[in-house]
Engineer: 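The structure is given below, and queries will be raised subsequently.
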Amino acid sequence: MRTGYFHCFSGASGDMILGALVDAGLSAETLLSRLACLPLKGYEISFNKEKRGAISGTHMNIKISGSGDLKTKKLKSILDIIDRSALEPQLKEKGKAIFMRIARAEAKVHGTSPDKLTFHELGGIDTILDIMGAVIGFSEMGLEMGLITNGMPMK
């Protein structure tokens, strides 16, 4: 297993993570074909080289068409989308675990339970593509997913 590090000194969005993976060697074509395994429609993904100040990199852009924009989702719906995909079981499990972690944190903040929580911004097609794209990208590159904050691994 190879190790990759993100130095996210001011955070990282899904499009930033996927652009960084493409810059690190992930084939954009492979990523797109693997994301097509998800039962989602109404989106288009493009990759463009950009430069902002002294920093250059690949920017991933997801364009959602009118009917494809699912902004509000229950956790169960998102997990069902992942389960219905043609992705490998281990990728499905990692993706679902990430959404479960987000749901637990959001539910705690909003004083509810994960099963009653309604995702708004985090329930859209773009978020599902970002998260599952990262899971796919890490797997394709042979990278193990993990999170370190303040120098300590998170479980």
Engineer: Can you find a side-chain donor-acceptor pair between Thr118 and Lys73 that sits under 3.5 Å?
Structural biologist: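 Not at all, the side chains of Thr118 and Lys73 share no donor-acceptor pair under 3.5 Å.
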Engineer: Could you tell me the separation between the CG atom of Leu117 and the CD1 atom of Ile102, rounded to the nearest 0.5 Å?
Structural biologist: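 Result: 10.5 Å between the selected atoms.
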Engineer: First locate atom CD1 of Ile81, then atom CD1 of Ile128, and finally report the distance between them rounded to the nearest 0.5 Å.
Structural biologist: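 Going from CD1 on Ile81 over to CD1 on Ile128, the span is 4.0 Å.
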Engineer: Does the side chain of Glu93 reach to within under 4.5 Å of the side chain of Gln90, using non-hydrogen atoms?
Structural biologist: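 Not in contact.
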Engineer: Show the atom names and distances, to 0.1 Å, of all donor-acceptor pairs under 3.5 Å that link a side chain in residues 16-27 to residues at least two apart or in another chain.
Structural biologist:
| unit_1 | atom_1 | unit_2 | atom_2 | d |
| --- | --- | --- | --- | --- |
| Asp23 | OD1 | Lys49 | NZ | 2.8 |
| Asp23 | OD1 | Thr58 | OG1 | 2.4 |
| Asp23 | OD2 | Thr58 | N | 2.9 |
| Ser27 | OG | Glu29 | N | 3.3 |
| Ser27 | OG | Glu29 | OE1 | 3.2 |
| Ser27 | OG | Thr30 | N | 3.1 |
| Ser27 | OG | Thr30 | OG1 | 3.2 |

Engineer: Where do Tyr43 and Leu35 come nearest, in terms of heavy atoms and distance?
Structural biologist: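 Shortest heavy-atom separation between Tyr43 and Leu35 comes out as OH-O, 3.7 Å.
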Engineer: Using modelled atom types and a 3.5 Å cut-off, is there a donor and acceptor pairing between side-chain atoms of Ser56 and backbone atoms of Lys51?
Structural biologist: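 Looks like no, no N/O pair under 3.5 Å.
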Engineer: Arg84 and Pro39: which non-hydrogen atoms are nearest, and at how many Å?
Structural biologist: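 Closest approach of Arg84 to Pro39: NH2-CG, 3.7 Å.
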Engineer: With sequence neighbours left out, write down each residue that passes salt bridge (Lys or Arg N to Asp or Glu O under 4.0 Å) with Glu88, or none if nothing qualifies.
Structural biologist: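 Testing Glu88 for salt bridge (Lys or Arg N to Asp or Glu O under 4.0 Å), a comparison that skips the adjacent residues, returns Arg34.
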Engineer: What's the spacing between Lys96 NZ and Leu79 CG if we round to 0.5 Å?
Structural biologist: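 It comes to 6.5 Å.
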Engineer: How far apart are the closest heavy atoms of Leu91 and Met132, and which atoms are they?
Structural biologist: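 Leu91 and Met132 have their closest heavy atoms at O-CE, 3.7 Å.
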Engineer: For Glu44, which residues count as a side-chain hydrogen bond (donor to acceptor under 3.5 Å, both in side chains) partner, sequence neighbours excluded?
Structural biologist: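 Not a single residue meets the side-chain hydrogen bond (donor to acceptor under 3.5 Å, both in side chains) criterion with Glu44.
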Engineer: With rounding to the nearest 0.5 angstrom, report the CE to CG distance, Met60 to Leu129.
Structural biologist: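 Here the interatomic distance stands at 7.0 Å.
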Engineer: Of all the heavy-atom pairs spanning Ile78 and Phe119, show the shortest one and how long it is.
Structural biologist: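 Shortest heavy-atom separation between Ile78 and Phe119 comes out as CD1-CD1, 3.5 Å.
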Engineer: Listed by chain and number, what are the side-chain hydrogen bond (donor to acceptor under 3.5 Å, both in side chains) partners of Asp115, not counting sequence neighbours?
Structural biologist: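 In terms of side-chain hydrogen bond (donor to acceptor under 3.5 Å, both in side chains), with neighbours along the sequence ignored, Asp115 is linked to Ser113.
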Engineer: Closest heavy-atom contact between Leu38 and Leu87?
Structural biologist: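 Looking at all heavy atoms of both residues, the shortest contact is CD2-CD1, 4.1 Å.
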Engineer: Please list, chain by chain and in numerical order, all residues satisfying salt bridge (Lys or Arg N to Asp or Glu O under 4.0 Å) with Lys116, sequence neighbours excluded.
Structural biologist: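 Applying salt bridge (Lys or Arg N to Asp or Glu O under 4.0 Å) to Lys116 gives none.
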Engineer: Could you list the residues that satisfy salt bridge (Lys or Arg N to Asp or Glu O under 4.0 Å) with Lys92, not counting sequence neighbours?
Structural biologist: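 Not a single residue meets the salt bridge (Lys or Arg N to Asp or Glu O under 4.0 Å) criterion with Lys92.
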Engineer: Counting C-beta onward and ignoring hydrogens, is there a side-chain heavy-atom pair between Leu31 and Ile136 closer than 4.5 Å?
Structural biologist: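 Yes, at least one pair of side-chain atoms sits under 4.5 Å.
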Engineer: Can you list the steps and then say if Asp130 with Ile62 is a side-chain contact (heavy atoms from CB on, under 4.5 Å)?
Structural biologist: CA-CA 9 Å; Asp130 285 344; Ile62 299 175; 3.6 Å; yes
Engineer: Less than 4.5 Å apart, side chain to side chain, heavy atoms only: is that true for Ile125 and Lys41?
Structural biologist: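 A side-chain contact is absent here, since even the closest heavy-atom pair is not under 4.5 Å.
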Engineer: I need the minimum non-hydrogen distance between Ile82 and Ser85, along with the two atoms involved.
Structural biologist: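 That would be O-OG, 2.7 Å.
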